[in-house]
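Take a look at the structure set out below.
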Amino acid sequence: MDLIGTENGFCAQTAGFWQLVGNILLVFKILIPVALIILGIIILGKAVISSDEKEMKKGFNSMLKKFLIAVLIFFIPSIVTTLFGIVNGFNELKADYNVCQKCVAHPKSDYCENKVIAVSKGAN
C-alpha cells in the first residue's frame with residue numbers, strides 16, 4: 001500500500017521523532033531569544049553606565065542585532081512552512097507534511113500524541 005503523501009505516510013510513521021524535534025525547537029525558541037535579549041540588555045547597560053556616546057551607540061546596535069536575531073529564531077517554523085507552500089509539487093505531499101508540521105509546531109497536541117500512539121500500537 002502506497003502511503004506517500006497521505007496522512008499516514010512517512011511523517012505519521014516517524015511522528016515520535018518529529019515530536020522530539022518539536023520539543024527541542026520549543027526550548028530553543030524560548031531560551032535562545034531570551035538569552036540574546038538579556039545579553040543585549042547587559043551590553044547596552046554597560047554602554048550607558050560608561051557615558052561614552054560611541055559605546056552607547058555600539059551597545060544599542062548590538063542589542064538591536066540580538067533582538068532581530070531572537071525574533072528571526074522565534075519565527076523560523078513559520079518561515080519554513082511558508083517556503084514549503086511555495087515549492088512546486090508540494091500539494092501532492094501536503095497531507096503527509098501537515099503531520100510533520102503539526103508535531104514540530106505543537107509537540108504536546110492531542111493530534112501528535114495520537115499519531116505517536118498509533119505508530120507504537122502498530123509496532124506491537
Side-chain angles (χ1 to χ4, degrees):
M1 181 179 216
D2 191 19
L3 298 175
I4 295 174
T6 68
E7 193 174 336
N8 296 316
F10 171 77
C11 287
Q13 299 302 315
T14 57
F17 171 75
W18 298 114
Q19 188 178 36
L20 175 66
V21 170
N23 285 324
I24 292 169
L25 186 61
L26 183 63
V27 170
F28 283 159
K29 278 176 44 178
I30 295 169
L31 290 181
I32 292 175
V34 168
L36 288 173
I37 291 170
I38 290 172
L39 286 173
I41 289 171
I42 291 170
I43 291 170
L44 184 61
K46 286 180 183 178
V48 169
I49 290 172
S50 75
S51 299
D52 182 13
E53 187 74 28
K54 199 174 190 180
E55 274 302 310
M56 284 195 295
K57 186 175 181 180
K58 185 178 173 186
F60 178 76
N61 287 339
S62 174
M63 175 149 174
L64 184 63
K65 287 178 189 175
K66 285 177 178 28
F67 178 76
L68 292 175
I69 290 170
V71 168
L72 181 66
I73 288 171
F74 186 80
F75 285 109
I76 283 176
S78 300
I79 294 167
V80 169
T81 300
T82 303
L83 290 176
F84 273 128
I86 296 171
V87 174
N88 192 20
F90 175 70
N91 287 334
E92 298 166 9
L93 301 173
K94 190 168 184 166
D96 193 16
Y97 167 78
N98 283 337
V99 176
C100 286
Q101 191 269 337
K102 288 177 183 176
C103 283
V104 170
H106 309 286
K108 301 290 185 195
S109 70
D110 289 340
Y111 180 84
C112 188
E113 292 287 341
N114 291 338
K115 289 294 180 184
V116 171
I117 291 169
V119 169
S120 66
K121 284 184 179 178
N124 290 335

Task: Under 4.5 Å side-chain linkage, directly or through intermediates, the cluster mates of Val27 - done: Leu31

Contact summary for [X] and [Y], nearest pair of heavy atoms:
X: Pro107; Y: Glu113; result: O-OE2, 3.8 Å
X: Ile73; Y: Lys29; result: O-CG, 4.2 Å
X: Gln19; Y: Val116; result: OE1-CG2, 3.4 Å
X: Leu36; Y: Lys66; result: O-CD, 3.5 Å
X: Ala15; Y: Cys112; result: O-SG, 4.4 Å
X: Val119; Y: Ala12; result: CG2-O, 2.8 Å

- [ ] Taking the two cysteines Cys11 and Cys103, decide whether their SG atoms are closer than 2.5 angstrom.
- [x] no

Open item on the list: A quick test of your reading: do over 12 heavy atoms of other residues, nucleotides or ligands sit less than 6.0 Å from OH of Tyr111?
Closed with: yes

Open item on the list: Please check: side-chain N/O of Ser62 versus main-chain N/O of Lys58, any donor-acceptor pairing under 3.5 Å?
Closed with: no

- [ ] For residues Phe67 and Ile37, determine if any side-chain heavy atom of one lies less than 4.5 Å from a side-chain heavy atom of the other.
- [x] yes

Task: For Lys46, the option from Ile42, Ile49, Ile43 that meets side chain to side chain contact (heavy atoms under 4.5 Å, CB included) - done: Ile42

